[in-house]
2 protein chains.
Amino acid sequence: MSQPDTKERILDVAEELFARQGFHATSLRAITGAAEVNLAAVNYHFGSKEALLDAVFERRLTPLNRERQARLDAVQAVAATEGRPLRAEEVLRALIEPTLRLYESGPGASSFILLVGRALSGSDELVRQTFLQHMGALFALLLDLLGQALPQLPRNQLFWRLQFALGATGHALRWAGGGLELPGGFTQPPSVEELIDMVVGFSAAGMEAPCP
Amino acid sequence: MSQPDTKERILDVAEELFARQGFHATSLRAITGAAEVNLAAVNYHFGSKEALLDAVFERRLTPLNRERQARLDAVQAVAATEGRPLRAEEVLRALIEPTLRLYESGPGASSFILLVGRALSGSDELVRQTFLQHMGALFALLLDLLGQALPQLPRNQLFWRLQFALGATGHALRWAGGGLELPGGFTQPPSVEELIDMVVGFSAAGMEAPCP
DNA sequence: GTCTATAGATTGATAGAC
DNA sequence: GTCTATCAATCTATAGAC
């Protein structure tokens, strides 16, 4: 070890700046300056700017995905013991709720939420690819469970509706993370609780829409 | 005039590169190189890189917004003569369909669709602000008409659901513009027609979801 | 592990000849 | 209007002293 955690301070600041300004718009100087560490520390501890981005994702996504996986398993188990099919609403909630609840786990996490919103919306291809490398397995499981919940929906339609739900969720995450200014001086953001209910309700209704 | 339209060629190339790589990741040298014009031409014709971005939006958004406005007016008129309330589905379609139909108006337009998707998702704050400057009035009208279509929905809920719909639409636009690679080697993109129906159907169902 | 110093490349913008 | 040449700033990354 070194200082009261140089590595951690770099991760905290990088997370915030990548989220608020984007990856390309954030220089190593901005990161090391705000973290009050030396410019060379990033390359010493992480190897490169890209590897730093990967580390930012890895730190939060490893425990978060563990929790999401557990909740998806639980949803499956409950439906099985109750002898009923899965509901799209509970599957989506198992995915979305742990993510948005990160918001309550401290000020740093809200930046991460914003960063995930960014990655979900594919704003920056490098950010998106790095994010997807940590998400591949979960995405496949998600598609499978939603297929069980909506067996009448053609697989093609299912895929695209899930994309729309991810688009809506990504947008919600950017709001929750404080990444967007309200247009036209509108109302203040809702509570995390309300936002979860709103985006899950919206997405579930969209997924269950009658087939055209 | 000069060459067979130096200014137009710069706009075409800038539109494509801003859409595919992002604003910050695109250098003036990349633009002028691909457009086969001199490096100094951008500053001569537009003044700065930011002013070029504004011109890219202005070129397509002025006629597009005129059409969207006309369609929203038409939807209102039809509902009035038929003596029935507005439907959320037709309001959303009046907004979304002209945008996605740009896709058929030539290869250049598909890049613009992708760029709008980018701007909608707030990936880059400068791109988003520039885009919003061209959209302010239409957004207010949209919120008003959706309020008429869903009078039982609290104004707060309405606002957020519209945000989710915009998130879903932005995601759809990025797919339609060819901006995202399909994860897990999935199926090919649907036709524009199908995509319009899917995203309008999804968003309308989400907006009309029962209030929690 | 942390620091200074700097290499080496790239950027947006401009001056001035033609 | 177009061109060359270049400035001044910025960037990532690294070498080498401590």
With heavy-atom distances below 4.5 Å as the criterion, would you say the side chains of [X] and [Y] are in contact?
{"X": "B/V37", "Y": "B/I31", "result": "no"}
{"X": "A/R118", "Y": "A/R128", "result": "no"}
{"X": "B/L95", "Y": "B/V91", "result": "no"}

**Prompt:** When the ring planes of B/F139 and B/F159 are compared, do they come out parallel, tilted or perpendicular, using 30° and 60° as the limits?
**Reply:**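 The arrangement is perpendicular - the two ring planes meet at more than 60°.
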
**Message:** Using 30° and 60° as the class boundaries, would you call the ring planes of A/F18 and A/F23 parallel, tilted or perpendicular?
**Reply:** tilted

**Fill in**
With B for base contact, S for sugar-phosphate-only contact and - for none (protein heavy atoms under 4.0 Å), nucleotides 4-14 of chain C reads B-B----BBBB

**Item:** Electrostatic pair B/E125:A/R20 at N-O distance under 4.0 angstrom
**Value:** no

**Message:** Rounding to 10°, can you tell me the angle the first-five-pair axis of the helix from C/dG1-D/dC18 to C/dC18-D/dG1 makes with its last-five-pair axis?
**Reply:** 10°

**Asked** Quick one: is D/dT2 close enough that its OP1 or OP2 comes under 4.0 Å of any side-chain N or O from B/T6?
**Response** yes

Between side-chain atoms of residues 190-204 of chain B and protein atoms elsewhere (two or more places apart, or another chain), which donor-acceptor pairs fall under 3.5 Å?
| unit_1 | atom_1 | unit_2 | atom_2 | d |
| --- | --- | --- | --- | --- |
| B/S191 | OG | B/E194 | N | 3.1 |
| B/S191 | OG | B/E194 | OE1 | 3.4 |
| B/E193 | OE1 | B/R101 | NH1 | 3.3 |
| B/E193 | OE2 | B/R101 | NH2 | 2.8 |
| B/E194 | OE1 | B/S191 | N | 3.0 |
| B/D197 | OD1 | B/R93 | NH1 | 3.2 |
| B/D197 | OD1 | B/R93 | NH2 | 3.2 |
| B/S203 | OG | B/V199 | O | 2.9 |

**Rounded distance (Å) that lies between atom C1' of D/dT2 and atom CZ of B/R9** = 12 Å

**Asked** B/R59 and B/D12: side chain to side chain contact (heavy atoms under 4.5 Å, CB included), yes or no, with the steps?
**Response** CA-CA 10 Å; B/R59 176 174 65 153; B/D12 288 340; 2.9 Å; yes

